[in-house]
*Asks:* 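Could you have a look at this structure, given as C-alpha cells, before my questions?
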Number of protein chains: 2
Amino acid sequence: MTGRRRVTHSLEAVLEEAIALLDEAGEPALTFRALAGRLGGGVASIYWYVASRDELLDRATDEVMGRLLEGTADLGEGPDPVADLRAMLLALFEEMRRRPWFGTYMLRNTGLQPNSMLMFDRLGQQTMRLDLTPKQRFHAVSSLVSYVVGVAADMAQPPPQEFLDSGLEPARFLELYADRWRALDPERYPFAHHVADEFAVHDDEDVFRSGLDLLLAGIRAQAGGHGS
Amino acid sequence: MTGRRRVTHSLEAVLEEAIALLDEAGEPALTFRALAGRLGGGVASIYWYVASRDELLDRATDEVMGRLLEGTADLGEGPDPVADLRAMLLALFEEMRRRPWFGTYMLRNTGLQPNSMLMFDRLGQQTMRLDLTPKQRFHAVSSLVSYVVGVAADMAQPPPQEFLDSGLEPARFLELYADRWRALDPERYPFAHHVADEFAVHDDEDVFRSGLDLLLAGIRAQAGGHGS
DNA sequence: TCGAAAGATAGAACAGCGTTCGATAGAGTG
DNA sequence: CACTCTATCGAACGCTGTTCTATCTTTCGA
C-alpha cells in the first residue's frame, strides 16, 4: 500500500515523450534531463531503453516515419507511378513542415531506421513501374530524396531571434526580409532585387512543388514520357 | 626584451585555425578549447572576435564560400547560362566533398553570410539570361540550392564507426553495405534488391550530376529549350 | 614624458550537457 | 524465505559554450 516510489517506463512511453518534446521545442530541447522530468523518473533510467542520444533520435524519427508509412499505405497503386511518387513526396514534405526536426534526422541511414529504408524502397518501387534502367532508377530516387532533404534542412532552420522577439506574423516578417534584399547593392545583387517581390509572398509548399515537378518531369522524360 | 607573455590574435587567424580544425576532424571538433589551444591563448580571447560558436561557424563557412567565389569568378560569362549554372553547382559539390562540414552550414542564411547570398545571386543571374518569369527563376534557384544542400547533408554524414574500426577502403565498405541490402526481405524491399548492384559501385559525383541534370533539363525546357 | 583611455588577452568559474557507476527497489521463481 | 533478474535512480565525471573580472598592452592627447 506504500505509494510507488519508483516509476515504470517502456520504450513506447520514452519515444512518445521524446517526440512530444521535439514537437514542442525542437531538437535541442530533447535533453535527457528534460525527458526524465517528463517521465517523472531519473535520468539514467532512459539508458535502459536507449544507448545514446543519437539512438534516441534515430528511434524517434523512425517511429514518425513508421506512422507516416501507415498513413500513406494506400499510395503506390495508382495508374501513374509518377503521380504516386509525387503524392508520397508531398506527404513527406507535409510531415517535415509539421515537424521541422524530422527532416534533419530523416536521412541518417544508421541501420537503426528500418522505416526510412522502407520509405526509400517504396519510392523505388514506383520507379520500377517506369521504363528505366536500374541505374536510372537508383539515381532518380537518390535525387528525389536529396531534394526533399535539402528542403527539409531549409525549413528546419529556426526562425531568427529577431522574429521571435518582434512577435510579427510570418507573412509580415517575410516582407521585412524581402526589404533587406531590396536594400542590397543592385550592382552586386541584381537577382535579389529581381525576385524580392516574389520572395516576399512565396509559399514554401509552392517552392517545394515546383522543384519536385522539375525532377519528376525529367524522370518521366527519361522513361519515354508515357502517361500524362 | 622579455618574451611575450601574451599571444596576439586576429579574426583572420581565428578563422584560419577554425577552418583547419573543421577540415581535420569535422564540425564537432571545433570547440573553443581546442581552438584556443591551437592559437596558444585562452578560451575567452576568442570571444573578442566572435560572439558565439554559431557566429564562428557562420564566419568560417562564409570565408570558405568567399574563396570558392573567387575561384569560380570566371564562370557566368559562357554562351549557355545552363552550362554555367551546371559548372557553378559542380564547383559547389566539389567543395562539399572536400569539406563535409561546409555543406551542412552553407544554407544558414543568418544575414552574417554575405558570400552565401552572393553565391545565391550569381546562380540567379544565370537564370536571368533564360526566358523565364521571375517566379520561375526564384523557384529554379531555390530548387537547385535545396538539391545541393540535400546532397551535402547526405555526404556530411560521418562514416559509421564500424567502418573506421574495420579499416576497409571505401569501395570495399560500400560493397559490404550493398550486401546488407541484399540480405533484406525481398518481398518487403524489392527495390533495394533491384539496385543493390548499382549501389555497390555507385559514385557520389555521378549520382549528384544525374539529379542535377534532371533539374537543369527541366529548367531548360521551361525556358523553351533554347541552346544545346 | 606622463597618464588616462581604449584595445586585447586570459584565468577562473558557472550552468548545462551526455554519459557512467553503483546501489537498490521490485517482481517473479524455487 | 532467499535468490535472481529486471528496472530504476542519485550522484558523480568530464566536457561543453559562455560570462565575469582582472590585467596586460598599445594608443594618443596634454
Side-chain angles (χ1 to χ4, degrees), chain A residues 1-22 24-61 101 104-105 108 110 112 157-158 160-161, chain B residues 1-22 24-61 101 104-105 108 110 112 157-158 160-161:
Chain A
M1 199 48 185
T2 72
R4 266 207 128 67
R5 313 213 312 82
R6 301 186 147 212
V7 186
T8 69
H9 306 310
S10 71
L11 182 56
E12 288 75 34
V14 168
L15 291 184
E16 198 59 48
E17 228 53 54
I19 291 172
L21 216 41
L22 287 164
E24 287 167 24
E27 186 253 312
L30 178 64
T31 70
F32 278 76
R33 285 169 175 85
L35 185 54
R38 265 176 176 262
L39 291 165
V43 193
S45 308
I46 303 168
Y47 281 89
W48 182 258
Y49 298 97
V50 134
S52 69
R53 184 174 186 269
D54 265 12
E55 189 187 317
L56 180 59
L57 275 166
D58 279 353
R59 296 201 116 102
T61 45
W101 58 271
T104 320
Y105 277 83
R108 317 199 335 151
T110 55
L112 259 167
Q157 285 178 208
Q161 192 59 40
Chain B
M1 197 50 183
T2 73
R4 268 208 126 68
R5 311 214 312 84
R6 302 186 144 210
V7 185
T8 69
H9 307 310
S10 71
L11 181 56
E12 289 75 34
V14 168
L15 292 184
E16 199 59 48
E17 227 54 53
I19 291 172
L21 216 40
L22 288 164
E24 287 167 24
E27 187 253 312
L30 179 63
T31 70
F32 277 76
R33 283 168 177 84
L35 185 54
R38 264 175 177 265
L39 291 165
V43 193
S45 307
I46 303 168
Y47 281 88
W48 180 258
Y49 298 99
V50 133
S52 69
R53 184 174 187 270
D54 265 12
E55 189 187 317
L56 180 59
L57 275 166
D58 279 352
R59 295 202 116 105
T61 46
W101 58 271
T104 321
Y105 277 83
R108 319 200 332 151
T110 55
L112 257 166
Q157 284 178 210
Q161 192 58 40

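Below, all heavy atoms of this structure are taken into account, side chains as well, without hydrogens, waters or symmetry copies. A note on names: the letters A, B, ... follow the listed sequences, proteins ahead of strands, and every chain is numbered from 1.
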*Asks:* For A:Ala44 and B:Tyr49, take the nucleotide of DNA chain C holding the closest heavy atom to each; which residue's nucleotide lies nearer the 5' end?
*Replies:* B:Tyr49
*Asks:* Considering all heavy atoms of both residues, which atom of A:Arg53 and which atom of A:Pro28 are nearest to each other, and what is their separation?
*Replies:* NH2-CA, 4.3 Å
*Asks:* Could you tell me if the side chain of B:Leu11 sits less than 4.5 Å from the side chain of B:Leu15, heavy atoms only?
*Replies:*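 The answer is yes, as the side chains (C-beta and beyond) meet within the 4.5 Å cut-off.
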*Asks:* Under 3.5 Å, side-chain donor or acceptor atoms of residues 39-52 of chain A against the rest of the protein: list the pairs with distances, not counting sequence neighbours.
*Replies:*
{"from": "A:Tyr49", "atom 1": "OH", "to": "A:His9", "atom 2": "O", "distance (Å)": "3.2"}
{"from": "A:Ser52", "atom 1": "OG", "to": "A:Asp54", "atom 2": "N", "distance (Å)": "3.4"}
{"from": "A:Ser52", "atom 1": "OG", "to": "A:Glu55", "atom 2": "N", "distance (Å)": "3.2"}

*Asks:* Does A:Trp48 make a side-chain N or O approach to OP1 or OP2 of D:dT8 shorter than 4.0 Å?
*Replies:*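 Indeed not, no polar side-chain atom of A:Trp48 lies that close.
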*Asks:* Apply side-chain contact (heavy atoms from CB on, under 4.5 Å) to residues A:Thr104 and A:Glu27 and explain how you reach the verdict.
*Replies:* CA-CA 9 Å; A:Thr104 320; A:Glu27 186 253 312; over 6 Å; no
*Asks:* If you compare all heavy atoms of B:Thr61 against all heavy atoms of B:Trp101, which two are closest, and at what distance to 0.1 Å?
*Replies:* CG2-CZ3, 3.7 Å
*Asks:* Considering non-hydrogen atoms only, spot the tightest contact between B:Leu22 and B:Ala60 and give its length.
*Replies:*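 Nearest pair, atom of B:Leu22 first, then B:Ala60: CD1-CB, 4.1 Å.
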*Asks:* In whole Å, what is the span from the CG atom of B:Leu21 to the P atom of D:dG17?
*Replies:*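 Interatomic distance, CG of B:Leu21 to P of D:dG17: 11 Å.
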*Asks:* Quickly work out the A:Ile46 CD1 to D:dC9 C1' distance and round it to whole Å.
*Replies:*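 After rounding, the gap between these two atoms is 11 Å.
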*Asks:* So, is A:Ser45 close to the D:dA7 phosphate, meaning a side-chain N or O under 4.0 Å from OP1 or OP2?
*Replies:* no
*Asks:* Return the value, rounded to whole Å, for the distance between atom CG of A:Leu11 and atom C1' of D:dT6.
*Replies:*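 So the two atoms are 15 Å apart, to the nearest Å.
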*Asks:* Look for any protein N or O under 3.5 Å of an N or O in nucleotides 15-18 of chain C and output each such pair with its distance, or none.
*Replies:*
{"from": "C:dG18", "atom 1": "OP1", "to": "A:Arg53", "atom 2": "NE", "distance (Å)": "3.1"}
{"from": "C:dG18", "atom 1": "OP2", "to": "A:Phe32", "atom 2": "N", "distance (Å)": "3.0"}
{"from": "C:dG18", "atom 1": "N7", "to": "A:Arg33", "atom 2": "NH1", "distance (Å)": "2.8"}
{"from": "C:dG18", "atom 1": "O6", "to": "A:Arg33", "atom 2": "NH2", "distance (Å)": "2.8"}

